[in-house]
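Not measured: the values here are computed from a predicted model. The sequence lines fix the lettering, A, B, ..., with proteins before strands; numbering per chain opens at 1.
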There are 2 protein chains.
Amino acid sequence: MKNIWIDKLKEKGMRITAQREAIVDILSQSDKALEPIEVYDLTRQNHPTLGMVTVYRTMECLEELGLLQKVHQDSGCNKYLKVKEGHNHLLICRGCGKAIYFEGLDMEMQFEGIAQQHNFNLEDHWLQLNGLCQQCQASGR
Amino acid sequence: MKNIWIDKLKEKGMRITAQREAIVDILSQSDKALEPIEVYDLTRQNHPTLGMVTVYRTMECLEELGLLQKVHQDSGCNKYLKVKEGHNHLLICRGCGKAIYFEGLDMEMQFEGIAQQHNFNLEDHWLQLNGLCQQCQASGR
DNA sequence: TGTATTATTGAAAATGACTTTCATTATCAA
DNA sequence: TTGATAATGAAAGTCATTTTCAATAATACA
Ligand SMILES: [Mn+2]
Ligand SMILES: [Mn+2]
Ligand SMILES: [Zn+2]
Ligand SMILES: [Zn+2]
């Protein structure tokens with residue numbers, strides 16, 4: 001996973017720095033949606049001199065490369081999660097941000113019908129299930 | 001519509017001021033998701049002395065009263081739309097923010113199944129169709 | 001109706017997330 | 001190894017939103 005990300009950065013002509021590697025380590029392995037400040041804190045455990053600016057810049061790059069996507073929750077809209085191949089929908093924990101992609105619901109045709117009824121040109125859709133994961137239930141939120 | 005909102009404010013013991021009435025006028029009549037600055041500009045056409053702070057405070061109240069809800073889009077997550085009675089899903093224009101609530105898709109059971117597979121306690125879900133309304137298509141975005 | 005109480009208002013200052021600037025440093029192709 | 005230049009991070013800047021606070025206005029009630 002990490003190597004794929006690093007390769008994509010190289011393909012785009014970007015240099016591989018220790019900072020970028022450390023940030024990629026965190027984000028490519030996390031199954032939780034993370035805010036920049038969380039990435040900063042986690043990365044600094046192994047790389048204490050890292051600057052917040054570099055986190056912002058690197059995450060922006062990763063999003064542009066299609067490796068990260070923004071995730072919206074009531075608790076905030078500045079969380080980022082690794083992208084999964086193909087079209088997927090999201091099940092996400094409001095407690096800890098743990099995210100699970102799922103597929104298999106076949107509603108795309110119905111969505112198109114609704115859009116047409118209202119003369120909309122449908123571009124995409126967003127389906128997200130919000131709840132509490134097992135651990136967060138156990139820890140009583 | 002406006003009167004219902006005003007009554008709800010009164011019920012909560014809030015005073016009815018000219019500013020609040022003007023803001024309620026705009027928001028209760030709009031079928032577009034609006035940002036605070038847009039509400040400010042629209043309201044100031046009839047109430048030029050209004051302050052931005054009052055817009056923020058009033059919109060926060062209206063959200064807490066369940067009259068307004070936040071709408072998330074790529075273009076920003078600070079837009080607010082009047083709530084529609086019952087459970088609804090949203091079709092929204094990325095150009096102008098025009099929003100249409102729809103219902104009739106019956107997927108709640110499937111959602112519950114997916115959550116259970118992953119030991120999640122499902123709390124709610126967001127389904128939003130994103131596209132361009134007829135006018136925005138015509139004006140070529 | 002007048003008056004007291006107190007919620008509301010808006011200017012101004014504060015906050016905080018994010019961006020920009022820029023001198024220094026590190027990567028990597030040659 | 002070296003030179004071109006991309007990347008870094010401290011510091012300053014932006015901008016949306018929040019907080020503070022003195023003045024004002026809405027409501028309850030005498
Ligand atoms: Mn889908
Ligand atoms: Mn639903
Ligand atoms: Zn959780
Ligand atoms: Zn539109």
Side-chain angles (χ1 to χ4, degrees), chain A residues 3 5-27 33-65 68 70-80 97, chain B residues 3 5-27 33-65 68 70-80 97:
Chain A
N3 292 329
W5 289 33
I6 297 292
D7 287 347
K8 278 227 178 181
L9 290 172
K10 281 181 185 165
E11 273 170 36
K12 283 283 171 180
M14 306 182 70
R15 295 179 180 177
I16 306 310
T17 65
Q19 291 93 328
R20 282 184 177 161
E21 249 189 280
I23 293 168
V24 164
D25 263 335
I26 295 296
L27 282 164
L34 296 172
E35 316 182 2
I37 186 66
E38 294 176 293
V39 175
Y40 177 69
D41 289 339
L42 289 167
T43 309
R44 275 168 64 95
Q45 292 177 7
N46 294 320
H47 202 294
T49 64
L50 178 77
M52 190 72 207
V53 200
T54 300
V55 174
Y56 282 118
R57 285 191 283 227
T58 303
M59 289 178 72
E60 188 184 12
C61 286
L62 294 172
E63 190 186 13
E64 282 165 5
L65 289 172
L68 278 188
K70 190 182 259 196
V71 168
H72 306 258
Q73 290 185 279
D74 281 339
S75 58
C77 302
N78 53 338
K79 295 189 171 174
Y80 290 81
Chain B
N3 292 330
W5 289 33
I6 296 291
D7 288 345
K8 279 228 178 185
L9 290 172
K10 282 182 186 166
E11 273 170 37
K12 283 282 169 183
M14 306 182 70
R15 296 180 180 176
I16 306 308
T17 64
Q19 291 92 329
R20 283 185 176 157
E21 251 191 279
I23 292 169
V24 164
D25 264 335
I26 296 296
L27 282 164
L34 297 173
E35 316 182 2
I37 187 67
E38 293 176 294
V39 175
Y40 177 69
D41 289 339
L42 288 168
T43 308
R44 276 168 62 94
Q45 291 176 9
N46 293 321
H47 202 291
T49 64
L50 178 76
M52 190 69 205
V53 200
T54 300
V55 174
Y56 282 117
R57 286 191 282 227
T58 303
M59 288 177 73
E60 187 183 12
C61 287
L62 294 172
E63 190 186 15
E64 283 165 4
L65 288 173
L68 278 187
K70 190 182 256 193
V71 168
H72 306 259
Q73 292 185 279
D74 281 339
S75 58
C77 302
N78 55 338
K79 294 189 173 175
Y80 290 80

**Message:** Distance check, rounded to the nearest 0.5 Å: A:Ile23 atom CD1 versus A:Thr54 atom OG1?
**Reply:** 6.5 Å
**Asked** Once you round to the nearest 0.5 Å, how far does NE2 of B:His72 lie from CG of B:Asn78?
**Response** 10.5 Å
**Asked** Can you tell me how far the OG1 atom of B:Thr49 sits from the CD atom of B:Gln19, to the nearest 0.5 Å?
**Response** 6.0 Å
**Request:** Return no unless some side-chain N or O of B:Arg20 is found under 4.0 Å from OP1 or OP2 of C:dA7.
**Result:** no
**Message:** A:Arg15: which residues meet the side-chain contact (heavy atoms from CB on, under 4.5 Å) condition with it, sequence neighbours left out?
**Reply:** none
**Request:** Would you indicate whether the side-chain heavy atoms of A:Trp5 and A:Leu27 approach each other to under 4.5 Å?
**Result:** yes
**Request:** Kindly say if B:Asn78 contacts the phosphate of D:dT17, meaning a side-chain N or O under 4.0 Å from OP1 or OP2.
**Result:** yes
**Request:** Would you give the length of the straight line joining atom CD of B:Glu64 to atom NZ of B:Lys12, rounded to the nearest 0.5 angstrom?
**Result:** 9.0 Å
**Request:** Hey, could you give me the CD/CZ distance between A:Glu60 and A:Arg57, rounded to the nearest 0.5 Å?
**Result:** 10.0 Å
Please tabulate, for side-chain N and O atoms in residues 34-44 of chain A, each donor-acceptor pair with protein atoms closer than 3.5 Å (sequence neighbours left out).
from    : atom 1 : to      : atom 2 : distance (Å)
A:Glu38 : OE1    : A:Glu35 : N      : 2.8
A:Tyr40 : OH     : A:Arg44 : NH1    : 3.0
A:Thr43 : OG1    : A:Val39 : O      : 2.6
A:Arg44 : NH1    : A:Pro48 : O      : 3.0
A:Arg44 : NH1    : A:Leu50 : O      : 3.0

**Message:** Tell me which residues in residues 34-42 of chain A lie within less than 4.0 Å of DNA chain D, going by non-hydrogen atoms.
**Reply:** none
**Request:** Rounded off to whole Å, could you give me the CD-to-P distance for the B:Glu21 and D:dA25 pair?
**Result:** 16 Å
**Prompt:** In whole Å, what is the span from the CG atom of A:Leu9 to the P atom of D:dA6?
**Reply:** 16 Å
**Message:** For a quick check, with a 4.0 angstrom heavy-atom cut-off, what is the B/S/- contact string for nucleotides 19-30 of chain C, read 5' to 3'?
**Reply:** BBB----BBS--
**Request:** Report the distance from atom NE2 of A:His47 to atom P of D:dT8, rounded to the nearest whole Å.
**Result:** 9 Å
**Prompt:** Under the side-chain hydrogen bond (donor to acceptor under 3.5 Å, both in side chains) test, which residues partner B:Glu21, sequence neighbours left out?
**Reply:** B:Lys2
**Asked** Is A:Gln19 near enough to D:dG9 that one of its side-chain N or O atoms lies under 4.0 angstrom from OP1 or OP2?
**Response** yes
**Prompt:** In whole angstroms, how far is the C1' atom of D:dA7 from the NZ atom of A:Lys12?
**Reply:** 18 Å
**Smallest separation among heavy atoms of A:Lys8 and A:Leu65, with atom names** = NZ-O, 3.9 Å
**Request:** Measure from CD1 on B:Ile23 to C1' on C:dT9 and round the result to the nearest Å.
**Result:** 11 Å
**Axis bend over the full length of the helix from C:dT1-D:dA30 to C:dA30-D:dT1, computed from five pairs that close each end, to 10 degrees** = 40°
**Fill in**
When rounded to the nearest 0.5 Å, the distance separating CG of A:Leu68 from NZ of A:Lys79 is 14.5 Å
**Item:** Distance in angstrom units between B:Ile6 CD1 and D:dT27 P, rounded
**Value:** 10 Å
